[in-house]
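Notes for the one structure printed next.
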Amino acid sequence: MTRPYLANKLQLDPVLIAEARTIANDIVAQVTPFIFSHSTVSVERTIVRMFGVNGVNPEGIPFPNVLVDHMREQGLIEDGAASLIAKACLHYGKNPQSLAEEIDRNELSLENLPDYPLETLHEMALGLALPAVTRIKEQGRNREAMIGSLGQGAEPYLYAIVATGNIYEDIIQARAAVHQGADIIAVIRSTGQSLLDYVPYGPTTEGFGGTFATQANFSIMRQALDEVGQEVGRYIRLTNYCSGLCMPEIAAMGALERLDVMLNDSMYGIIFRDINMQRTFIDQYFSRLINGFAGIVINTGEDNYLTTADAMEAAHTVLASDLINEQFAFLSGLPEAQQGLGHAMEINPDQPDAFLYEIAQAQLIREVFPRSPIKYMPPTKYMTGNIFRAHVQDTLFNVASIMTGQSIHLLGMLTEASHTPLMQDRFLSIESAQLVFQYMRNFGDEITFAADGKIQQRARETLQAAVNMLITIRDTGLFGALEKGMFAEISRSASGGRGLDGVFAKGPNYLNPFVELFGGDANV
Amino acid sequence: MSKVDLTQVRPYGDTLNDGIVQLSLTLPLPLSAEAQEAARRWALQSGFQDPKVVHSQDLGEGFSFFVLYARSPVAVDFSSIKVLKSSHKTLEKAEIEALISSKLGRKLVVVGASIESDAHTVGIDAIMNIKGYNGHKGLESYHQIEAYNLGAQVACEDLLARALDVGADAILISQVVTQKDLHLRNLTRMVELLELEGVRNNFLLIVGGPRINYELAKELGFDAGFGPGTFAEDVASFMIEQVLINRKGDHDV
Ligand code: B12
């Protein structure tokens, strides 16, 4: 599939689509002042990391946590970590890492530092930020250069998951998948990592249903994929999950280690992990600023909404959320080419004509977001332990994917209902997708849909319902909509969930040099 | 067709007792004639007869994939198998409601959650939420049941605190992530916590999930376990039956 997707097979009303975007933009604009006037401990730890602070203390606590916790204990955090570190560097003449280590040993404190003019601190902070910014830029250039020399697979990109829990075993699985044809390798995170308020450190060899996201693991997998990419002659993209309580820190680690794709949703953590919504909205803004600057494609999590809600009744919530996610991405300066909006509308296969509706929904998302590398999710919820039937279900979704011009194709596994993929499961899945994609490469170009037929009607109804939903959200506000359980039928309160205690209002002298360096809004 | 001998049951392909099975597996060997032979011998040494490698394929990185058909000479004595099952009778929703109001004389109080790191709620929601599952209404829709669904990622301590707080008759737990036996650890944690606090006998302790069955649940120290395809009325029937039995027990003491 080449983007932009130009066909208009559903005869959607462009005025209605434009209206949907305007409303989504209004919705995001309502929460923007809140986002700009607040920060979080994870945003501050991200700044600290990008100032070069790394490693863990003797108790295993990451130094970024040590530093930011110290700032909180001293009641200084409202100035922002950047300002405090700049001040301490000026005063003590030390680098941020030494400061962190000495603070950890109680040899030094950030309390009672002399005042410096704001301009001086600002300049110092820009200087401290420079090495990370340079490295991230360089990684972007490396990616471009490697894609230029090696080339890349054709869309839909085959997106395969590895999840052994052991980064070294993951490499074996990933390398084999690439040899079999995978274009993107996603290292799924261990169960529960999203609730940790710190990022684990170093290479890890034990995880549950996934492998911990650590900077060392990113780097190890990056190197392995670069090597195997050379062997097969295609650039292989690496994906991880920048979500949960450490969303922006993981974004920074990913940018430094040249990840290419990051799960990074504006609302997923709120809905599916009960992370506080204030925390999430602030964190996602900064994460996306980083991802945008680093040239990383984000994936959003709407592909999971219909695991808890019904796909026939609630398909419009996926589209409405995609539109909101798009506007949040624009707010962070992320262009459409980096917006891998997620979707999946898995309909109960017992429903007559389910496949027609699957096509309608997949085509709808394609036509509403013609420039975005949208990500299509295979069936999960209605997969059972009958692996043979499951393989057929996946095959049908492969057909839907190629027919509707999807960009990123998450490979469905025949063993979805039982375990994370074994090597042979992934192989069978890649083989099936390749078979279908080759068989049907240009099939979509030859197909038009019956005027006012089931497919067109279903798509138009879903679009209209999404617009209606967006109007209601604009009236209640996004916080209110989440409280009412309008997404995925899960209700969350503005002051509930995890991580609210890590949110704080910025003081008048608050400083974060990365916002301007990454092209963020001047009002932040 | 000849009659099945229930003391000697073998897999069936198209002729009784042919013992035919289908296998697929990966070996950490690059594909070669020797690797194929290794797959065949593996099947032989595993006790299969006449194994045929019908498909083999290189997976890259020194691995290959095989599909085999073979015959198994092993027979099991079906007549001697006993699986531990809950002996309760599953009643209809209306019958359960009637039983609670007539025999218990107060509402049955139930607290449920998906515990520890597990974020899957669909299972516990299927049992507890009003909407229920596949047209079977959940416990919250029962007038005679006071149901509290705490959602997912609930620490064992928090679940217990809530159960004590509302004076629950039963604690319902869902566990979906089973990789590396994570569910066994979490479930054992809950039992140990209840024992440590000396309140194990205050509650019916029930677990459900796709890899859970009654026998496993009993082994782990739970009162019952429910697997795939469970509906609210299954567990509600069990709960009211047990609560009534236990109460009778109390009176006897
Ligand atoms: C939906 C889903 C999700 C959704 C969950 C949304 C939500 N709010 O629940 C999301 C996308 C968030 C998700 C996340 C993850 N998931 Co998931 N998920 C699924 C999926 C597709 C369906 C599960 C489901 O909803 N089934 C429907 C319900 C109704 O079935 P059920 O749970 O079995 O419940 C029935 C019975 O078991 C029983 N029951 C269940 N609980 C209880 C409790 C009681 C008291 C009783 C009486 C009965 C009972 O009654 C129910 C009704 O009959 C399965 C794959 C599949 N098809 O099964 C994977 C699956 C369960 N997930 C899996 C994994 C690994 C994860 C992740 C760890 C992935 C990751 N690394 O990020 C994360 C989990 C994060 C975490 N902290 O837990 C694996 C688990 C592998 C394993 N064996 O351990 C599976 C099998 C997919 C796979 N092949 O990898 N997942």
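In this text the structure is predicted, and so the values were computed from the model without any measurement. Labels below follow one simple rule: chain letters A, B, ... track the order of the sequence lines, proteins then strands, and each chain is numbered from 1.
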Q. Which bit of A/S418 comes within less than 4.5 Å of chain B, counting heavy atoms only: side chain, backbone, both or neither?
A. both
Q | Side chain, backbone, both or neither of A/R426 within contact of chain B (heavy atoms, under 4.5 Å) | A | neither
Q. Which atoms form the tightest heavy-atom contact between B/S117 and A/G192, and what is the distance?
A. CB-CA, 4.2 Å
Q. Could you walk me through whether A/F208 and B/R185 pass the side chain to side chain contact (heavy atoms under 4.5 Å, CB included) check?
A. CA-CA 12 Å; A/F208 302 95; B/R185 289 197 209 179; 3.5 Å; yes
Q: May I ask you to decide whether B/K180 forms a salt bridge with A/E206, counting only side-chain N to carboxylate O separations under 4.0 Å?
A: no
**Q.** Engaged part of B/S24 at the chain A interface, taking heavy atoms whose separation is under 4.5 Å
**A.** both
(Q) Looking at chain B, which one of A/E431, A/Q180, A/K381 has the largest number of heavy-atom pairs inside 4.5 Å, strictly under? (A) A/Q180
Q: Search all heavy atoms of B/G60 against all heavy atoms of A/A176 and return the closest pair with its distance.
A: O-CB, 4.4 Å
Q.
Is A/Q424 in contact with chain B via its backbone, its side chain, both, or neither, using a 4.5 Å heavy-atom distance?
A. both
(Q) So for B/Q57, is it side chain, backbone, both, or neither that comes closer than 4.5 Å to the heavy atoms of chain A? (A) side chain
(Q) Atom NZ of residue position B/K107 - does it have more than 12 heavy atoms of other residues, nucleotides or ligands inside 6.0 Å? (A) yes
Q: Under 4.5 Å heavy-atom distance to chain B, tell me which part of A/F272 shows up: side chain, backbone, both or neither.
A: backbone
(Q) Take a 6.0 Å sphere around CD of B/E157 and say whether it holds more than 12 heavy atoms from other residues, nucleotides or ligands. (A) yes
(Q) Would you compute the distance between atom CG of B/L59 and atom NE2 of A/H179 and round it to the nearest 0.5 angstrom? (A) 12.0 Å
Q: Check whether A/L195 gets within reach of chain B through its side chain, its backbone, both or neither, counting any heavy atom under 4.5 Å.
A: side chain
Q.
Looking at B/Y69, I'd like to know if its OH atom is crowded, meaning that more than 12 non-hydrogen atoms belonging to other residues, nucleotides or ligands lie closer than 6.0 Å.
A. no
Q.
Walk me through whether B/T121 and A/T308 qualify under side chain to side chain contact (heavy atoms under 4.5 Å, CB included).
A. CA-CA 8 Å; B/T121 54; A/T308 51; 4.2 Å; yes
Q) Taking side chain as C-beta onward, heavy atoms only, is A/Q173 less than 4.5 Å from B/E61? A) no
Q) Does any heavy atom of chain B fall under 4.5 Å from the side chain of A/A417, the backbone, both, or neither of them? A) backbone
(Q) Working note: A/I172 + B/F63, criterion side chain to side chain contact (heavy atoms under 4.5 Å, CB included); need CA distance, chi angles, decisive distance, verdict. (A) CA-CA 10 Å; A/I172 297 173; B/F63 291 89; 3.4 Å; yes
Q) Checking A/T384 against chain B: side chain, backbone, both or neither under 4.5 Å from a heavy atom? A) neither
Q: Let me know if A/L428 has heavy atoms under 4.5 Å from chain B in its side chain, its backbone, both or neither.
A: side chain
Q: Please say whether more than 12 non-hydrogen atoms of neighbouring residues, nucleotides or ligands are located less than 6.0 Å from NE2 in B/H55.
A: yes
Q: Please look at A/Q193 and chain B and tell me whether the side chain, the backbone, both or neither of the residue comes under 4.5 angstrom of a heavy atom of that chain.
A: neither
Q) For the candidates A/V178, A/T420, A/D274, which exhibits the highest count of non-hydrogen atom pairs separated by less than 4.5 Å from chain B? A) A/T420
Q | Side-chain donor-acceptor contact under 3.5 Å, B/Q179 with A/H419 | A | no
Q) At what distance, to the nearest 0.5 angstrom, does CG of B/N134 lie from CG of A/N348? A) 7.5 Å
